[in-house]
Number of protein chains: 2
Amino acid sequence: MPAVRRRAAKSFVDLIKPGMRVALTTHVNADGDGCGSVVALWHLLMERSVRAAITNPTPFPDRYRFLLEGADRADKTGEAVKHLQRADAVVVTDISDLGRLGHLGRVIERVTVPVVCIDHHASEGVLPDGPRLVDPAACATGELIYDLAQTAGWTITLLAARALYVAIMTDTGGFRFSNTTPRALKVAAHLLAHGLDPEDTYSNVYANESEGRIRLIAEVLDTLVVEREYGLAWVTVPPGALERHGLQADDLEGVVEYPRSLRDVKLALLFRPLANGRVKVSFRSKGSVDSASLAESFGGGGHRKAAGASIAGDMAAVQALVLAAARQLCARRS
Amino acid sequence: MPAVRRRAAKSFVDLIKPGMRVALTTHVNADGDGCGSVVALWHLLMERSVRAAITNPTPFPDRYRFLLEGADRADKTGEAVKHLQRADAVVVTDISDLGRLGHLGRVIERVTVPVVCIDHHASEGVLPDGPRLVDPAACATGELIYDLAQTAGWTITLLAARALYVAIMTDTGGFRFSNTTPRALKVAAHLLAHGLDPEDTYSNVYANESEGRIRLIAEVLDTLVVEREYGLAWVTVPPGALERHGLQADDLEGVVEYPRSLRDVKLALLFRPLANGRVKVSFRSKGSVDSASLAESFGGGGHRKAAGASIAGDMAAVQALVLAAARQLCARRS
């Protein structure tokens, strides 16, 4: 474990006293890392006789609700403001600033107690003062909480181990993104050794799809076009498809991976009509094709392998424009 | 590492001498564990100045061909019989008997040199004599080859590490099946530390889909029926769909996971018409629903969470029969 983490963990541990009230929060629309982090901390602190409460800005997501098993009274999201205002310490996880704390940002900005931050993002924090356990080298905030528990010598119970495992598993995309470091796998191994069933844990998170999402995937895959000569493939979300299946834009997550998963495809695109007369384009590439540069040429941005842009125009016009540029980019590379 | 593995590994190492010819083989239609195992062994043995050759019964699958990078002359599958007959030792990986070695079974049965077996399946072997490194507690044959290299003190090069990582990653279903033991993750961590990129390695294996398979998934998902009151969901492969997309039955792998992934679904089924006027049914369950008992009642078999049966009758008749039994089973459990 990096020494900086050990020192930071110690400053957090020094703060913790039995009987004190600690509010645990994370960003709006908590993901697996946010949910796993607050649940694990809740267990760890309750074991130290701390009166912990989960005080997220938005409701605990259905997909991660199973993590609250054995922590029935943990989630105080409905009364977050009250709990934050009377806490002796606040712990902000998986985010280093006030930006995505929703209506709780203004509350936390004004508290006079220490505000601890545990996060693996690189962004500069603007949180009120308090211990910082921030390291972008960690695969997930859950990895840092594991380090904290190890440094402090705190027992990791089965339910805390499961929450941390879910944090690491989801933030590494099921151990397949490039942040799957050797250490991420080693920590996951240690967490599993607490008696978790990896298959059940996986199912709990991922076997929780809505019928609408499966129907949406079928509809979108039906639109697949492959241009083998360019190594290009794209899909289009039919107008009104999200509404028809009672879904949100979030539910399209991962759908662009289907065209990207095609053999010999170097660039995959997903087109989605927006309500404001624009079209959202998601770019995903493999190998040396640069998604970000393409997205940037349309006023968007992102990373080399994953980028996006929102472009004015109707679907036909935007597709014509973007596909012409995409063909050019792919032809240049091959 | 279990002591039995260390002893078995030693008996293999004792056999290996520089300059000798060693034929490496695995079962027909090699999977990621079979391919990864023979490729890793090839690298390990070539480093010891052994003249190794990969002699599989069926061609090296396209999906895993990237593993042969840096091992251009390794694959002698086309002349497998010749290489097996003149080898000083044969290593059979990922299978303990002659059953699935195709036309090579009869060749290997008659060789007079030691036949090494490295396998993680529980089946009793009927291979000719030779060192045995067999342990069903290993998540993959790749884990046993890692143990072998560790015991022998053999250097694991980057390309050997990648082959072993692919073996473990694929046989654990991307680290999500129940054979994802703490040790599996620890070994994977150590292999990654050789400098692999986990995301590239994942993409190499899984971003290699055929266009036909994506179109098949879309077609099959279009047939989804959900019976929420029973926690039952099923999909049906349209007649002639595989042929239309130039696919094999293998290409349906994983498709039944879509209905199984639905929230509140306890039992998922996939129906596929067979050429012989029968219908193949795949059963996948979650929680306490027993897929095997259902499959067995139709003359099939399998495990608690994954089973199958081939049933005489046309699609409508088989669906009526199986769904009636499935409803009864699910109603009983809830």
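Chain identifiers are assigned alphabetically (A, B, ...) following the order of the sequence lines, protein sequences preceding nucleic acid strands; residue numbering begins at 1 within each chain. Reckoned from all heavy atoms, side chains included, excluding hydrogens, waters and symmetry mates.
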What distance separates B:Leu262 CG from A:Arg213 CZ, expressed to the nearest 0.5 Å? 11.0 Å
Out of curiosity, A:Glu209 CD to B:Glu257 CD, how far, rounded to the nearest 0.5 Å? 12.0 Å
Which portion of A:Tyr206 sits near chain B, non-hydrogen atoms under 4.5 angstrom: backbone
Would you check if A:Asp222 and B:Asp222 make a side-chain contact, meaning some heavy-atom pair closer than 4.5 Å? yes
In terms of heavy-atom proximity below 4.5 Å to chain A, should B:Thr201 be classed as side chain, backbone, both, or neither? neither
Should we say atom CG of A:Asp264 is surrounded by more than 12 heavy atoms from elsewhere, each under 6.0 Å from it? no
For B:Leu221 and A:Ala218, the nearest pair of non-hydrogen atoms, with its separation, is CB-CB, 3.7 Å
Less than 4.5 Å apart, any side-chain heavy atom of B:Arg228 and any of A:Glu211? yes
Testing the basics here: between A:Ala207 and B:Arg260, what is the closest heavy-atom pair and its distance to 0.1 Å? CB-O, 4.1 Å
Step through the shown structure and confirm whether more than 12 heavy atoms of other residues, nucleotides or ligands are within 6.0 Å of CD on B:Gln248. no
With a 4.5 Å cut-off on heavy-atom pairs, point out which of A:Pro198, A:Gly173, A:Gly174 contacts chain B the most. A:Pro198
Using every non-hydrogen atom in the two residues, find where B:Leu224 and A:Arg215 come nearest and quote the distance to one decimal. O-NH2, 3.0 Å
Rounded distance [0.5 Å steps], OH in B:Tyr202 versus CZ in A:Phe175: 12.5 Å
Examine whether an atom of B:Asn179 lies under 4.5 Å from a heavy atom of chain A, and if so say whether it belongs to the side chain, the backbone or both; otherwise answer neither. neither
Mind checking whether B:Arg263 and A:Ser210 have side chains closer than 4.5 Å, heavy atoms only? yes
Taking 4.0 angstrom as the limit, do B:Lys305 and A:Glu199 come out as a salt bridge? no
Write down the atom of A:Thr180, the atom of B:Leu192, and the distance for their closest heavy-atom approach. O-CD1, 2.9 Å
Under 4.5 Å from any heavy atom of chain A, what part of B:Lys186 do you find: side chain, backbone, both or neither? both
All heavy atoms of B:Ala189 vs all of A:Pro182, minimum pair found to be CB-O, 3.3 Å
Looking at every heavy atom in both A:Ile214 and B:Tyr258, which two are closest together, and how far apart are they? CD1-O, 3.0 Å
